[in-house]
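Below is one structure, written out as structure tokens, with a few remarks after it.
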There are 2 protein chains.
Amino acid sequence: MTISDVARAAGVSVATVSKVVNGRYGVAAETSQRVLEVVARLGYETSLVASSLRRRKTNVIGILVAEFEPFSTELLKGISGAVGGTGYELLAYSGAVSDDNRVGWERRSLSRLAGTLIDGAVIVTPTVVVAGAGIPVVAIDPHTGPGGPWTVDADNVGGARAAVEHLVGLGHRRIAHVRGRTDLESARLREQGYRESLAEAGIGFDPALVRDGGYRASRTTDSARELLSLPDRPTAVFAANDLSALRVIEVAHELGLRVPQDLSVVGFDDIPEASSGDQRLTTVAQPLRQMGARAAQMLLAMLDGAGTEEHVHMPARLIVRETTAPPPA
Amino acid sequence: MTISDVARAAGVSVATVSKVVNGRYGVAAETSQRVLEVVARLGYETSLVASSLRRRKTNVIGILVAEFEPFSTELLKGISGAVGGTGYELLAYSGAVSDDNRVGWERRSLSRLAGTLIDGAVIVTPTVVVAGAGIPVVAIDPHTGPGGPWTVDADNVGGARAAVEHLVGLGHRRIAHVRGRTDLESARLREQGYRESLAEAGIGFDPALVRDGGYRASRTTDSARELLSLPDRPTAVFAANDLSALRVIEVAHELGLRVPQDLSVVGFDDIPEASSGDQRLTTVAQPLRQMGARAAQMLLAMLDGAGTEEHVHMPARLIVRETTAPPPA
DNA sequence: ATGAAAGCGCTAACAG
DNA sequence: CTGTTAGCGCTTTCAT
């Protein structure tokens with residue numbers, strides 16, 4: 001079903017069909033009428049690919065993610081809400097990830113889509129600073145602060161501090177940290193907040209209590225096992241995100257530890273899964289939907305040639321739920 | 001940054017660059033080497049649009065949704081998990097919806113992408129039966145059962161019956177129903193289950209107790225107000241999905257009604273939001289992630305030319321939580 | 001008012 | 001082994 005099929009069926013040239021379909025002037029009303037009928041009858045719809053190859057603008061916004069997991073899908077909901085009704089279409093793309101392109105996937109995805117398929121992009125948790133894409137780009141939870149594209153993120157240091165201070169306030173002294181994706185600024189900042197709070201509470205930093213979790217459940221498993229099998233086991237864990245925190249709790253259960261009686265756990269993000277399980281996770285909430293919406297608005301503004309803020313920071317706040325308690329006596 | 005730029009910089013023809021990039025035979029090792037260096041230096045990546053226009057296969061699976069909301073994003077998580085590691089890329093597309101294309105969006109999206117951008121598609125809650133797309137298609141929560149593409153859905157009748165029987169068991173007699181999207185088979189089946197259970201319990205069907213909700217919070221508001229303002233107010237509401245159920249609860253609160261003391265509410269779907277609020281919703285759970293994964297597997301099988309089941313039904317089960325109780329005395 | 005032709009970036013025959 | 005050529009579906013001058 002191509003434009004040629006329509007042209008043939010209507011007895012006109014493809015150029016005429018194109019004009020009719022795109023509402024260009026210079027087509028006789030009668031011809032237009034006939035073409036439209038054929039289009040409707042055949043169910044023809046112009047190919048996004050072909051037209052975007054030729055045109056400059058596609059009216060499509062790309063959302064580049066590594067994977068569709070709770071974090072990115074929350075953002076997606078926010079973006080979808082903000083873009084709805086603007087006439088733009090959304091194209092959320094997750095390129096195939098293999099081990100060798102785990103870093104740099106966003107540059108690849110962007111090159112593949114930019115200039116042709118999408119007019120602008122919001123990139124979720126890029127692993128490298130993406131610049132010179134040729135199209136407007138907003139990064140959410142970016143690789144690094146300034147220098148790169150415009151960004152949206154939450155108060156990572158403040159959130160982490162709130163989490164650790166909560167734990168300290170409960171009486172914990174041996175507080176472990178499961179690190180996030182080390183290529184992300186947010187992970188660095190959360191660890192920084194963790195260290196700052198420890199220092200302020202007069203608790204020495206113990207490198208043995210910090211392990212990588214990579215923001216992923218699978219990467220967290222071993223780290224959690226090691227941490228919870230330590231001779232001098234921590235009484236609390238501050239995980240860099242909810243996925244890690246949730247996995248820490250599972251591992252704790254495997255090891256016969258009760259949460260929060262034997263072990264307190266705090267996460268970060270407040271994805272829906274954090275509060276929908278049997279036990280509700282104490283966590284630092286990022287306003288994910290709003291962050292997505294904000295990023296979309298910024299992109300829309302850039303696309304319109306309008307000015308907009310370049311780096312937006314949103315507040316993060318601690319939500320105390322059921323996985324934290326004073327340490328065992 | 002196009003293939004011509006690379007060709008020029010490497011001093012070869014575009015054809016040669018194409019061969020190198022796609023790993024075709026017939027290129028001198030030395031030439032290949034040089035081209036690869038230029039590619040790396042320039043950060044060239046082949047355009048998805050241009051190559052898919054020329055090639056037959058793109059290695060991309062399309063997920064067509066009307067909107068990114070909790071239901072579709074849960075499916076997306078399941079699909080993403082199942083497709084990860086297969087080498088396929090995912091492209092979730094949400095076309096611009098206006099009032100006049102609310103029905104039929106999926107046919108439009110499919111026409112725009114099929115044949116060029118995507119090799120196959122899973123369509124979420126299509127409004128019409130999509131056939132003859134020219135590419136393999138699996139529909140989740142389809143417009144209609146057989147006749148159309150292969151499908152995945154849950155036991156809608158059984159789930160609805162379980163919900164209503166639970167309410168009846170609690171002692172409710174005036175049970176209202178907020179309908180789903182009337183163009184969807186699932187909505188029809190849930191209403192059917194509702195009616196059957198009522199009949200079996202010897203409760204007469206009262207048309208005044210059934211209102212449209214369209215599976216959307218916004219569409220539900222007025223219906224809920226009308227229902228809860230009835231002279232002989234229902235003591236329980238079975239909403240066709242969680243989004244509607246959640247909104248019914250909000251409206252109840254606005255009207256000064258307590259849930260579940262004054263009004264019991266049951267939803268359907270068990271999206272994460274159903275159990276993450278202050279009050280956890282009693283609902284009928286569909287295994288959304290699994291449904292997404294199953295649909296992806298079916299599509300992958302079709303793409304491989306392998307056989308697969310044509311219509312998959314997954315179980316639905318009632319989860320009693322905090323929004324249902326016996327009717328007020 | 002209509003159509004012929006060029007070209008978007010790329011791949012696949014086919015020559016050389 | 002390399003380059004020339006045609007063409008994927010579409011839009012856009014430019015003639016007619």
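Across all strands, A/Tyr44 comes closer than 4.0 Å only to sugar-phosphate atoms, never to a base (heavy-atom distances). A/Val12 comes within contact range of the sugar-phosphate backbone alone, with a heavy-atom separation under 4.0 Å but no base atom that close. No contact: B/Thr116 has no heavy atom under 4.0 Å from any strand. Note on A/Ser18: a base of the nucleic acid sits closer than 4.0 angstrom, heavy atoms only. Within 4.0 Å (heavy atoms only), B/Ser52 reaches no atom of the nucleic acid at all. Contact annotation for A/Ala15: base contact, defined as any heavy-atom pair under 4.0 Å involving a base atom.
Toward the 5′ end of DNA chain D lies the nearest nucleotide of A/Thr2, the other residue of the pair A/Lys19 and A/Thr2 mapping further downstream. DNA chain D is contacted by both B/Ala50 and B/Thr31; B/Thr31 maps to the nucleotide lying nearer its 5′ end (nearest heavy atom per residue).
For D/dG7, the base has a donor-acceptor partner in the side chain of B/Arg54 [N/O atoms by modelled type, under 3.5 angstrom].
One interatomic measurement links the two molecules: CG of B/Leu53 to P of C/dG7, which rounds to 17 Å at whole-angstrom precision. Spacing between atom CZ of A/Arg24 and atom P of C/dT2 amounts to 16 Å, rounded to whole angstrom units.
For C/dG3, the OP1/OP2 oxygens have a side-chain nitrogen or oxygen of A/Thr16 closer than 4.0 Å. Residue B/Ser13 has a polar side-chain atom (N or O) positioned under 4.0 Å from OP1 or OP2 of D/dG3.
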(request) Check the pair A/Phe68 / B/Thr73 against side-chain contact (heavy atoms from CB on, under 4.5 Å), numbers first and verdict last. (result) CA-CA 8 Å; A/Phe68 293 100; B/Thr73 52; over 6 Å; no
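Comparing D/dT13, C/dC8, D/dC10 against the side chain of A/Thr46 picks out D/dC10 as the nearest. Checked against C/dT2, C/dT11, D/dC10, the side chain of B/Arg55 finds its nearest nucleotide in C/dT11.
Of the inter-residue distances, the one linking A/Ile140 atom CD1 with A/Met314 atom CE reads 9.5 Å to the nearest 0.5 angstrom. Taking CG from B/Leu113 and CD1 from B/Ile118, the interatomic distance works out to 4.5 Å, rounded to the nearest 0.5 Å.
Counting only heavy atoms from C-beta outward, the side chains of A/Val60 and A/Leu117 never approach each other to under 4.5 Å.
The closest side-chain donor-acceptor pair between B/Glu106 and B/Ser109, if any, does not fall under 3.5 angstrom.
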